[in-house]
Amino acid sequence: MGFELKRINSAQNISAPDIYYDEEILSEYKIASLPSLDAIALSIKGMINPISGRHLFALCYLQSEKGDVIEIGSWQGRSTSYLARATHLSNNGFFFAIDHFKGNIGKEQHYTVEKKDLTDLKGFFLENMKNIGLHDVVNLYDMPNVDAVNHLKSREIRFLFIDGDHTHAGVVRDIELFFPLLVNGAIVVFDDFSNAFPGVISAVKDYLNKNNNITRIFTLENTLIIKISK
């Protein structure tokens with residue numbers, strides 16, 4: 001049939017040039033291939049599916065507002081692979097990942113890769129970023145968000161991906177800490193916006209009820225996307 005099946009076992013099987021469209025008709029151009037980005041992402045442990053990942057990439061890559069990109073909650077770097085690549089290829093700002101690699105309180109078992117004490121998570125994350133060619137793009141803050149924001153207060157943020165503490169108080173804290181850094185027209189994506197995580201829904205509803213600065217809003221694959229005016 002003319003197809004080739006290839007199994008991808010780890011991030012070490014992927015190299016950065018594979019993200020480019022390689023058909024002969026466009027071989028001289030560096031055009032991002034989203035299926036190749038999916039292959040890279042799926043070589044990394046994570047919960048985000050390719051549909052959501054492609055959407056994150058497209059929103060961030062095509063965004064016209066100038067500024068940096070922040071990801072709150074990275075774990076092993078699957079969503080990072082989409083967003084950091086989009087930031088790099090768009091040549092629009094710097095990418096910052098925030099994660100203390102200790103999991104969420106009471107749910108630490110869900111973050112285990114090999115060691116139950118989670119002490120290997122940061123090492124695996126850094127290794128994954130190196131293997132997919134993003135180690136020089138990702139600026140990591142290995143600390144709680146309340147500490148990380150002190151290093152970012154001078155930054156202007158165009159894209160914010162919130163996937164950290166899923167409790168009501170945790171999401172409210174993310175909003176209070178990072179929304180003041182957003183530029184006019186910034187895009188904010190709340191991950192796990194579903195009934196399985198009532199804290200995310202209640203915190204977002206509280207914000208929407210108290211603010212009228214949302215110019216666009218929609219959902220996709222358990223994420224809520226809003227565009228903010230300031």
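Keep in mind the model is a prediction, meaning the values are calculated, not measured.
A search for side-chain hydrogen bond (donor to acceptor under 3.5 Å, both in side chains) contacts involving Asn139 returns nothing, not counting sequence neighbours. Residues passing the salt bridge (charged side-chain N to carboxylate O under 4.0 Å, His left out) test with Asp163: none are found, sequence neighbours excluded. The side-chain hydrogen bond (donor to acceptor under 3.5 Å, both in side chains) check on Lys210 picks up nothing, with sequence neighbours excluded. Scanning for side-chain hydrogen bond (donor to acceptor under 3.5 Å, both in side chains) contacts around Tyr61 gives an empty result, with sequence neighbours left out. Judged as a ring pair (Phe, Tyr, Trp, His ring centres under 6.0 Å), and not counting sequence neighbours, the contacts of Phe125 are Phe101. The ring pair (Phe, Tyr, Trp, His ring centres under 6.0 Å) search around His135 returns none, not counting sequence neighbours. Ala203 meets the side chain to side chain contact (heavy atoms under 4.5 Å, CB included) test with His168, Val171, Val172; sequence neighbours excluded.
Within the structure, every pair that satisfies the salt bridge (charged side-chain N to carboxylate O under 4.0 Å, His left out) test and touches residues 132-147, not counting sequence neighbours, is listed here: Lys122-Asp142. Among residue pairs with one or both ends in residues 43-59, those qualifying as salt bridge (charged side-chain N to carboxylate O under 4.0 Å, His left out) are Asp38-Arg54; sequence neighbours excluded. Contacts classified as salt bridge (charged side-chain N to carboxylate O under 4.0 Å, His left out) and involving residues 68-78 (residues at least two apart or in different chains) are given here: Asp68-Arg155.
Using a 4.5 Å heavy-atom cutoff, the side chains of Thr87 and Phe159 are not in contact.
Scanning both residues, Ala41 and Tyr82, for their nearest heavy atoms gives CB-CE1, 3.3 Å. For the pair Val69 and Cys60, the tightest heavy-atom approach, listed with the atom from each and the gap, is CG2-SG, 3.7 Å.
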Show every donor-acceptor pair shorter than 3.5 Å between a side-chain atom in residues 216-226 and any protein atom, with sequence neighbours excluded, or say none if there are none.
{"from": "Glu221", "atom 1": "OE1", "to": "Asn49", "atom 2": "ND2", "distance (Å)": "3.0"}
{"from": "Thr223", "atom 1": "OG1", "to": "Leu220", "atom 2": "O", "distance (Å)": "2.4"}

Less than 3.5 Å apart, which donor and acceptor atoms pair up between the side chains of residues 178-199 and the rest of the protein, not counting sequence neighbours?
{"from": "Asn184", "atom 1": "OD1", "to": "Lys230", "atom 2": "N", "distance (Å)": "2.8"}
{"from": "Asp192", "atom 1": "OD2", "to": "His166", "atom 2": "NE2", "distance (Å)": "2.6"}
{"from": "Ser194", "atom 1": "OG", "to": "Ala196", "atom 2": "N", "distance (Å)": "3.4"}

